Amino acid sequence: MDMDPNTFKAVQFQTSTDGKVAYITLNRPRHHNAIDQHMPLEIRAAVRIANADPRIHCIVLKGSGRGFCGGYDLNIYAASAQRGETEGSQDLTRGYEPFQDYLLMKECTNCYTELFRSHKPTIAQVHGAAVAGGSDIALCCDLVVMAEDARIGYPPSRVWGCPTTAMWAYRVGAEKAKRMLFTGDLINGEEAAAMGLVLKAVPASQLDDTVNLLVERIKSVPINQLWMQKQVINNTMEGSMESSQRLATVFDGITRNSPEGVAFQQLASREGFKTAVSSRDDPGRTERYRKLWKSVL
């Protein structure tokens, strides 16, 4: 049974005054729109509602507050870990059950991928940050428009994660995807656009107008035309993408339960996720690397 958007807890669903555009807003602003247990299911439900509406031509996905999405809500999972109830990561009281982990994370992946499979074009409007699981969500959209000062990347590729939607190589090719996942770098909108990861980057003050201009152009095309063009392009990716996502979801579970992954979670449980992330990413070293990297480009 389809969900009622009035009951959504982590997402808002609205349509434009002319009824031709659906707006899905990630709506946990006090938590940087971090992913909780409700958000993946509500994203999928909202996309399905938009697809079922014969008036809607396209879908815009954005975040409320200071950013797009800060990834999974680690505070929720940290508290669960301390109670021995962790979902999606190592439960030290019972050991690692790979099949249950896979089922849970593949369901999240399927929810995000609904944006890719949507009959109507999907556009991610990214400000602030689209980090870790937030990048998974954004990159499942057909088009991504970023603010120049926004950031995107998958830092957990350093320790404790693998991007389950596996969209990086499809967007930027093998070499640039490897660069992003070997380093866990966050890049700004300008770098993302130059790399070809996103369609366009604009000053933050122009982000709304730029997306609106794109939407106005798309919604003037018949819905059946939009669907057919999208199907032709998606068909070139879908078979290999399903295999990539299956493997990535298995590896995501393994990375969270490898010796390094368990050590990361234990540090997080003792001293908090901010300390664990700082130790993993070493902000000082990362900033020095970024300056040197940019200087040789």
Side-chain angles (χ1 to χ4, degrees), residues 1-28 33 35-64 68-69 106-127 130 134 136-146 165 167 170-171 198-200 202 207-239 241-242 245:
M1 181 179 295
D2 290 336
M3 298 174 67
D4 181 350
N6 293 318
T7 67
F8 287 172
K9 294 181 170 65
V11 164
Q12 284 185 341
F13 180 87
Q14 297 173 303
T15 57
S16 58
T17 55
D18 64 5
K20 291 186 176 183
V21 185
Y23 292 94
I24 302 172
T25 304
L26 309 181
N27 193 39
R28 302 186 71 230
N33 298 321
I35 301 163
D36 66 0
Q37 68 271 33
H38 304 292
M39 188 176 289
L41 297 172
E42 290 176 4
I43 290 172
R44 178 165 63 187
V47 171
R48 289 179 175 178
I49 291 167
N51 276 295
D53 189 331
R55 301 169 301 167
I56 290 174
H57 288 237
C58 62
I59 300 167
V60 175
L61 177 70
K62 56 187 177 178
S64 61
F68 180 80
C69 177
K106 189 62 167 67
E107 180 70 2
C108 290
T109 301
N110 291 344
C111 289
Y112 306 148
T113 309
E114 197 81 14
L115 292 156
F116 174 82
R117 302 191 190 283
S118 166
H119 302 318
K120 315 287 177 72
T122 54
I123 304 164
Q125 177 177 320
V126 176
H127 74 293
D136 276 329
I137 295 171
L139 295 180
C140 279
C141 290
D142 298 314
L143 307 172
V144 183
V145 181
M146 286 183 70
T165 62
M167 294 301 295
Y170 294 103
R171 285 189 166 268
V198 304
L199 176 66
K200 192 174 183 65
V202 297
L207 185 59
D208 283 338
D209 288 342
T210 301
V211 171
N212 289 339
L213 186 65
L214 184 60
V215 164
E216 287 296 319
R217 186 65 173 160
I218 291 173
K219 76 180 188 181
S220 67
V221 177
I223 292 171
N224 57 20
Q225 283 288 118
L226 294 169
W227 174 73
M228 286 185 280
Q229 309 311 331
K230 178 166 178 173
Q231 295 313 303
V232 169
I233 297 168
N234 278 16
N235 189 61
T236 67
M237 303 165 58
E238 285 175 341
M241 195 171 79
E242 179 62 29
Q245 289 178 349

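We count residues from 1, following the sequence as given. Only a predicted model underlies this, so the values are computations on that prediction, with no experimental measurement involved.
Inter-residue side-chain proximity for K120 and I223 is flagged as met; some heavy-atom pair is nearer than 4.5 Å. Between R48 and M3 there is no side-chain heavy-atom pair separated by less than 4.5 Å. V11 places a side-chain heavy atom less than 4.5 Å from the side chain of M39. Contact of the V60 side chain with the N212 side chain is not registered, since no non-hydrogen atoms from C-beta on lie closer than 4.5 Å. Residues T165 and L139 fail the side-chain proximity criterion, which asks for heavy atoms closer than 4.5 Å. A 4.5 Å side-chain heavy-atom check between C111 and I43 finds every atom pair outside the cut-off. With contacts defined as side-chain heavy-atom distances shorter than 4.5 Å, the pair P121/L143 does not qualify.
Residues C69 and N33 share a closest heavy-atom pair of SG-O, 3.2 Å. Contact record, M237 with M167: CE-CE, 4.3 Å, taken as the closest heavy-atom pair. Between G19 and I56, the shortest heavy-atom contact is O-CG1, 3.5 Å.
A side-chain contact (heavy atoms from CB on, under 4.5 Å) with V198 is found for exactly one of V145, V126, V144, namely V144.
Using a 4.0 Å cut-off between a side-chain N of Lys or Arg and a carboxylate O of Asp or Glu, D18 and K20 do not qualify as a salt bridge. Contact check on K9 versus E42 returns no salt bridge, with no Lys/Arg side-chain nitrogen under 4.0 Å from an Asp/Glu carboxylate oxygen. In summary, E242 and K106 engage in a salt bridge, as defined by a charged side-chain N under 4.0 Å from a carboxylate O.
The neighbour count for K200 NZ, taken as heavy atoms of other residues, nucleotides or ligands under 6.0 Å away, does not exceed 12. Other residues, nucleotides and ligands place more than 12 heavy atoms under 6.0 Å from the NE2 atom of H38.
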key: Worked check of side-chain contact (heavy atoms from CB on, under 4.5 Å) between T122 and L61   = CA-CA 7 Å; T122 54; L61 177 70; over 6 Å; no
task = Could you walk me through whether Q245 and N110 pass the side chain to side chain donor-acceptor pair (under 3.5 Å) test, one step at a time?
result = CA-CA 9 Å; Q245 289 178 349; N110 291 344; over 6 Å; no
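For Q229, the side-chain hydrogen bond (donor to acceptor under 3.5 Å, both in side chains) test picks out no residue, with sequence neighbours left out. With sequence neighbours left out, the side chain to side chain contact (heavy atoms under 4.5 Å, CB included) criterion links I49 to P5, F8, F13. R28 is linked by a side-chain hydrogen bond (donor to acceptor under 3.5 Å, both in side chains) to D36, D73, counting only residues two or more places apart in sequence or in another chain.
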